[in-house]
Chemist: 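Quick one: the structure is below, and I'll ask about it shortly.
Keep in mind that the numbers below use all heavy atoms, side chains included, and drop hydrogens, waters and symmetry copies.
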Amino acid sequence: MSKLLEVKDLAVSFNTYNGEVQAVRGVNFELNKGETLAIVGESGSGKSVTTSALMGLLPKPAGFVKSGQILYQGEDLVGKSNKEMAKIRGKEISMVFQDPMSSLNPTMKIGNQIMEGLIKHQNMNRTEAYKKAIELLDLVGIPNPEIRAKQFPHQFSGGMRQRVVIAIALACNPKILIADEPTTALDVTIQAQILELMKSIQKETDSAIIFITHDLGVVANVADRVAVMYAGKIVEVGTVDDIFYNPKHPYTWGLIGSMPTLDSSEDELFTIPGSPPDLLNPPKGDAFAPRNKFALEIDGVMEPPMFKVSDTHYAATWLLHPDAPKIEPPESVKKRMHGFAKTGGDE
Amino acid sequence: MVRYIGKRVGYMLITLFIIATFSFFLMKMLPGSPLNAEDKLSEEQRAIVLEKYGLNDPVPVQYVNYISGLVQGDLGISFAFSNTPVTDILMDRVGPSAQLGAQALVLGTILGVILGLVAAISHNGFLDYTSTIIAVLGTSIPNFVFAGILQYVFASELEWFPVALWGSFEHSILPTIALMIFPMATAARFVRTEMVEVLGSNFITTARAKGVSEPGIVFKHGLRNALIPLVTVIGPLAVSLMTGSMVIEEIFAIPGIGEQFVNSVMVNDYPTIMGTTLMFAFLFILIILITDLLYGLIDPRIRISGGDR
Amino acid sequence: MDNNQTNNIPKELLVPMKPKEDTSEKISAPSRTFLQNARRAFLKNKLALFSVVALVIIIIMSAIGPSMNEYGQDEQDLTRAKMPARVPVLENISWLGFNGTLSDTFEGQTVEQATNNAYARYDNQEDFIEIEVLNGSEGSAEVKATYNIYDAKDMEDQYFWLGTDTLGRDQWTRLWLGTRVSLLIAFIAAFISLAIGVAYGGIAGFYGGKVDNVMMRILEVLVGIPNLVIILLMMLFLKPGITSIVIALTITGWTGMARIVRGEILKLKSQEYVLAARTLGQSNWKVITKHLLPNISGIIIINTMFNIPDAIFFEAFLSFIGLGITPPDASLGTLINNGFDNLLLYPYMLWFPAILISLIMIAFNLIGDGLRDAFDPKMHK
């Protein structure tokens with residue numbers, strides 16, 4: 001597997017009236033060709049900000065990359081001018097957004113919105129671009145593409161619009177597709193359709209996908225690898241199997257434990273108390289410690305480094321220190337892990 | 001859509017009818033008649049005049065005559081210039097007013113859009129503040145104050161332009177500027193607000209994400225969406241220009257409808273005042289109707305769904 | 001991922017943390033009510049604050065200004081007509097224009113001719129006219145004449161701060177009296193419009209259904225009639241004067257407020273918290289005073305703030321075209337109208353009322369803008 005994207009020590013901050021909000025505080029991950037990486041976390045954990053930084057789409061002038069590197073095929077994207085980034089956006093890396101209702105231009109025909117990227121990046125003339133746009137609409141499963149291409153966004157349903165947004169993102173065969181909670185705003189049945197669509201498209205086009213979500217159920221369904229983010233940092237990263245069958249970080253336990261299942265009774269939900277820390281003044285030590293009932297004294301003093309669990313699996317918790325007390329995940333979480341192990345494999 | 005237009009035209013006719021009725025009875029109650037202007041008439045002549053103006057008929061008959069006259073474009077006979085129909089007086093004077101109004105509206109809107117656009121792009125920058133200040137001053141300071149400054153500085157002191165009157169294109173420059181400042185400032189404010197909102201919306205991020213260049217973002221995606229709602233403001237702006245033109249025409253002694261109106265007020269020429277007012281009312285309502293329909297035509301969201309509203 | 005430095009962690013730290021007070025749910029930012037937030041945002045807006053100060057000064061001046069000198073509103077005296085502005089102390093700074101002199105440039109074939117033109121223009125008071133030759137060449141001579149009119153009229157001890165008008169009336173006195181009239185009309189018109197508009201819109205919005213339908217149909221027809229037309233017709237019918245202007249302005253002024261209030265009430269009525277209050281059995285009165293009014297107060301205040309300058313403008317406009325305040329009463333509109341009659345020779349007669357009305361309009365608009373921003377929750381950060 002070849003490394004397509006490598007993010008090193010990325011830190012992103014926002015200047016606000018109250019001071020500097022450190023939304024992302026040193027994130028490391030890599031993305032290989034053709035794989036799907038899911039980034040999971042609560043809202044405000046910095047997952048969307050990370051991807052905005054990848055695209056060079058941080059809201060200006062408030063947001064800025066404070067430090068770190070974003071290496072795309074060995075080339076650092078941090079510090080590239082807007083003009084240079086515009087050549088990469090849509091062509092090399094493209095993005096699908098959360099709210100399909102507002103992410104299409106209301107006064108532009110669907111066909112034209114798809115053609116724009118093609119004309120810009122692939123030097124197509126309008127006739128060629130139009131043909132390709134029809135093909136793309138067909139690919140994302142929109143019936144009567146010739147008629148639909150001449151229509152405006154408000155004539156489409158939410159699910160259909162998200163298909164159009166995906167078609168726009170796929171237009172120039174990008175190597176990386178970033179999907180920022182693409183199914184959150186949709187009905188459950190439509191969600192499944194969109195996920196199926198993305199999976200089948202990935203098979204066809206072989207692009208790598210960064211899938212941002214707060215829904216672990218979706219993760220199990222689509223991802224190869226998972227990165228769990230908390231308070232602007234990645235706290236655990238591993239393959240889907242690592243994360244679901246052998247989670248190491250108490251926060252990941254919490255995420256798994258708070259997923260309701262059919263056979264779990266209410267008292268079996270393992271919930272995470274409290275709310276994420278204020279990133280205006282990030283706490284000393286481990287940011288998760290105040291909410292962590294397995295916290296160690298050292299958590300209040302020093303941030304845990306990434307401990308290696310296996311070649312694919314790393315987690316940032318002092319519980320993995322050789323001298324730390326051996327703590328097992330709570331029963332309810334264990335139960336779920338077994339559940340995954342039983343049903344897993346047919347994914 | 002057809003039903004919608006029908007409904008709107010229906011409302012327009014009802015409104016006009018109410019205004020016409022109101023103004024007719026107002027006229028009946030007002031002091032003064034054509035006879036005041038010609039005091040030295042004998043009884044015989046008086047009777048002839050009354051007969052001529054139909055003032056001997058019972059009021060309901062007069063009312064019916066008045067309304068049916070209006071429908072045919074007859075606004076009555078002026079007191080001040082006896083024998084001259086108000087319609088003819090207005091027709092003689094419509095040229096300068098139309099030219100002045102059109103120049104001010106077109107120029108004001110174009111400059112306003114540019115100003116608003118520049119402000120939105122340099123959001124919170126120096127140019128933004130400059131154009132915001134221009135907009136605040138332009139919407140606050142009454143147009144007659146601008147007219148006074150322009151007339152004094154550029155015509156009286158610097159002598160670059162004629163002080164007043166109408167004729168060549170030069171004559172129209174100062175009044176046009178004085179009249180266009182309000183629409184310009186209003187359009188600038190409106191476009192800035194719309195632009196800032198549009199540029200912050202999600203579909204702009206989508207466009208950026210597909211690699212559209214900054215000019216493409218601003219003009220192709222931003223401006224179009226910001227300008228469509230501007231159409232709804234143009235109607236009221238055109239209406240405000242008519243108020244403004246009364247003052248501006250009076251200040252620059254332009255032989256237009258506005259000046260005629262002010263003069264008619266001075267000599268209590270009620271039929272002309274009423275006629276002008278009715279014509280204004282008709283134009284106002286027509287302009288608002290046209291811009292509303294235009295908005296429906298150019299906004300795809302309304303254009304398509306218009307049929308079922 | 002390098003574990004070297006973590007190897008020498010003292011063992012006593014690798015024990016479960018002692019339970020501490022849970023601070024994760026603590027709200028760090030101080031809690032403020034909506035109005036507190038709005039007030040804070042407004043106080044931060046320098047321009048709006050400055051406007052408030054300026055307006056307060058103008059209002060105070062309109063009350064005490066006329067009695068600050070000995071001249072009355074209607075003291076006509078043609079011997080002292082068209083006197084320029086003269087202010088003690090400031091008269092020594094010539095470029096300010098408060099030194100009580102008239103000056104202009106005059107052209108002629110020769111310097112002598114130009115000088116004679118100047119004399120003819122300034123009452124032939126040769127002793128009090130200073131001539132400065134700007135251009136002595138034959139055929140296009142130009143002189144600058146400065147006429148010391150106060151000395152010429154033997155009124156060295158008189159000070160008309162803003163000069164006098166064509167009938168010799170003190171402009172300072174008339175300016176503040178005119179401001180008083182203009183502001184009075186604007187305030188009364190705006191507040192009557194507010195009362196009618198809120199009541200009409202509130203009833204239509206709150207009761208909804210048939211009541212709303214009928215009331216809105218009526219309003220729709222009224223709104224269709226351009227306000228200028230109604231105001232002009234009303235002004236023809238009523239006797240000119242303050243009351244008539246107020247009536248004409250309120251007849252059209254309340255419709256905008258009524259529409260806004262109705263829209264807001266309709267929107268608020270279906271909000272969950274109002275539904276909740278009703279579900280819990282709150283009376284109509286309680287719902288209106290506790291839930292609806294506080295939430296539309298912002299928009300009412302903002303709308304009124306923009307209605308006031310509109311009314312000032314319309315009053316000035318009506319007085320300007322001869323349908324408003326009639327002499328000897330003054331308003332800013334009549335003063336400006338007089339100013340225009342003398343603009344080319346005595347421009348100061350226009351400038352003072354023009355500047356004042358502009359200041360008032362700008363101040364109200366800036367306050368309105370400031371309030372709108374302050375009441376916009378998006379601006380609270």
Side-chain angles (χ1 to χ4, degrees), chain B residues 8 11-12 14-16 18-19 22-23 25-27 29-30 132-133 136-137 139-149 151-153 155-157 163 189 236 239-240 242-244 246-247 250-251 258 261-263 265-266 268 270 273-274 276-278 280-285 287-289, chain C residues 47 51 104-105 217 220-238 240 306 309 312-318 320-324 332-333 336-337 339-341 343-345 347-351 353-366 368-369:
Chain B
R8 288 297 308 269
Y11 263 116
M12 174 178 158
I14 294 173
T15 312
L16 280 176
I18 292 174
I19 298 174
F22 184 58
S23 64
F25 287 105
L26 213 53
M27 260 240 288
M29 287 189 281
L30 283 171
T132 306
I133 290 171
V136 169
L137 295 184
T139 44
S140 306
I141 299 178
N143 48 17
F144 42 79
V145 174
F146 283 120
I149 297 171
Q151 196 178 38
Y152 184 75
V153 175
S156 168
E157 291 298 292
V163 173
R189 280 185 124 172
V239 169
S240 80
M242 292 191 203
T243 322
M246 288 195 194
V247 178
E250 169 71 9
I251 291 172
F261 185 88
V262 180
N263 290 344
V265 169
M266 303 281 179
N268 285 346
Y270 293 116
I273 299 173
M274 288 294 181
T276 316
T277 312
L278 279 179
F280 275 145
F282 179 69
L283 283 178
F284 285 169
I285 295 172
I287 287 171
I288 299 287
L289 178 70
Chain C
L47 271 177
S51 303
D104 206 346
T105 54
R217 282 298 105 79
E220 221 161 309
V221 173
L222 281 180
V223 169
I225 307 174
N227 61 348
L228 176 68
V229 171
I230 302 181
I231 292 176
L232 290 178
L233 290 177
M234 288 312 295
M235 289 314 295
L236 288 178
F237 178 62
L238 301 165
F306 286 117
I312 293 177
F313 173 79
F314 252 107
E315 181 280 315
F317 165 75
L318 288 174
F320 188 86
I321 64 171
L323 281 174
L332 289 173
I336 286 168
N337 196 6
F340 266 107
D341 295 341
L343 174 63
L344 300 185
L345 298 179
Y348 63 88
M349 284 191 207
L350 174 62
W351 295 155
I355 290 170
L356 196 60
I357 197 172
S358 302
L359 275 181
I360 296 174
M361 300 277 289
I362 293 170
F364 272 113
N365 275 305
L366 286 177
D369 282 349

Chemist: Which region of B:Ile273, side chain (C-beta onward) or backbone (N, CA, C, O), has a non-hydrogen atom less than 4.5 Å from a non-hydrogen atom of chain C, or is it both or neither?
Modeler: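 The side chain, not the backbone.
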
Chemist: Using modelled atom types only, decide if a donor and an acceptor are shared between the side chain of C:Asn337 and the backbone of C:Gly333 within a distance under 3.5 Å.
Modeler: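 A pair under 3.5 Å: no.
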
Chemist: Using a cut-off of under 4.5 Å on heavy-atom pairs, state which of B:Val262, B:Ile141, B:Ile285, B:Ile14 scores highest against chain C.
Modeler: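 Highest number of heavy-atom pairs under 4.5 Å: B:Ile141.
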
Chemist: Given heavy-atom pairs under 4.5 angstrom as the criterion, report whether the side chain, backbone, both or neither of B:Thr139 touches chain C.
Modeler: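 Only the backbone of B:Thr139 comes within 4.5 Å of chain C.
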
Chemist: Applying side-chain contact (heavy atoms from CB on, under 4.5 Å) to B:Met246 and B:Phe280, what does each step give before you reach the verdict?
Modeler: CA-CA 11 Å; B:Met246 288 195 194; B:Phe280 275 145; 3.1 Å; yes

Chemist: Given that the side chain runs from C-beta out, which part of C:Ile355 has a heavy atom under 4.5 Å from chain B: side chain, backbone, both or neither?
Modeler: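 For C:Ile355, there is no contact with chain B at all, as no heavy atom is under 4.5 Å.
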
Chemist: Answer with side chain, backbone, both or neither: which region of C:Asp369 has an atom nearer than 4.5 Å to a non-hydrogen atom of chain B?
Modeler: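 When you check distances to chain B, only side chain atoms of C:Asp369 fall under 4.5 Å.
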
Chemist: When heavy-atom pairs shorter than 4.5 Å are enumerated against chain B, which of C:Ile360, C:Asn365, C:Leu47 gives the highest number?
Modeler: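 Counting heavy-atom pairs under 4.5 Å, the top option is C:Asn365.
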
Chemist: Any side-chain heavy-atom pair from B:Phe282 and B:Met12 closer than 4.5 angstrom?
Modeler: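 Sidechains of B:Met12 and B:Phe282: in contact.
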
Chemist: Between C:Ile362 and chain B, with a heavy-atom cut-off of 4.5 Å, which part of the residue counts as in contact: side chain, backbone, both or neither?
Modeler: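 For C:Ile362, heavy atoms of backbone and side chain both lie under 4.5 Å from chain B.
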
Chemist: So which of B:Val145, B:Thr277, B:Ile251, B:Ile19 has the biggest tally of heavy-atom pairs under 4.5 Å with chain C?
Modeler: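 Option with the greatest count: B:Ile251.
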
Chemist: Is the C:Phe317 ring parallel, tilted or perpendicular to the C:Phe313 ring (thresholds 30°, 60°)?
Modeler: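 Plane angle under 30°, so parallel.
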
Chemist: Any idea how C:Phe320 and B:Phe144 line up, ring-wise: parallel (<30°), tilted (30 to 60°), or perpendicular (>60°)?
Modeler: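 Because their plane-to-plane angle is under 30°, the rings of C:Phe320 and B:Phe144 count as parallel.
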
Chemist: For B:Ile133, enumerate each residue passing the side-chain contact (heavy atoms from CB on, under 4.5 Å) test, keeping only those at least two apart in sequence or located in another chain.
Modeler: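 For B:Ile133, the residues satisfying side-chain contact (heavy atoms from CB on, under 4.5 Å) (neighbours in sequence not counted) are B:Leu137.
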
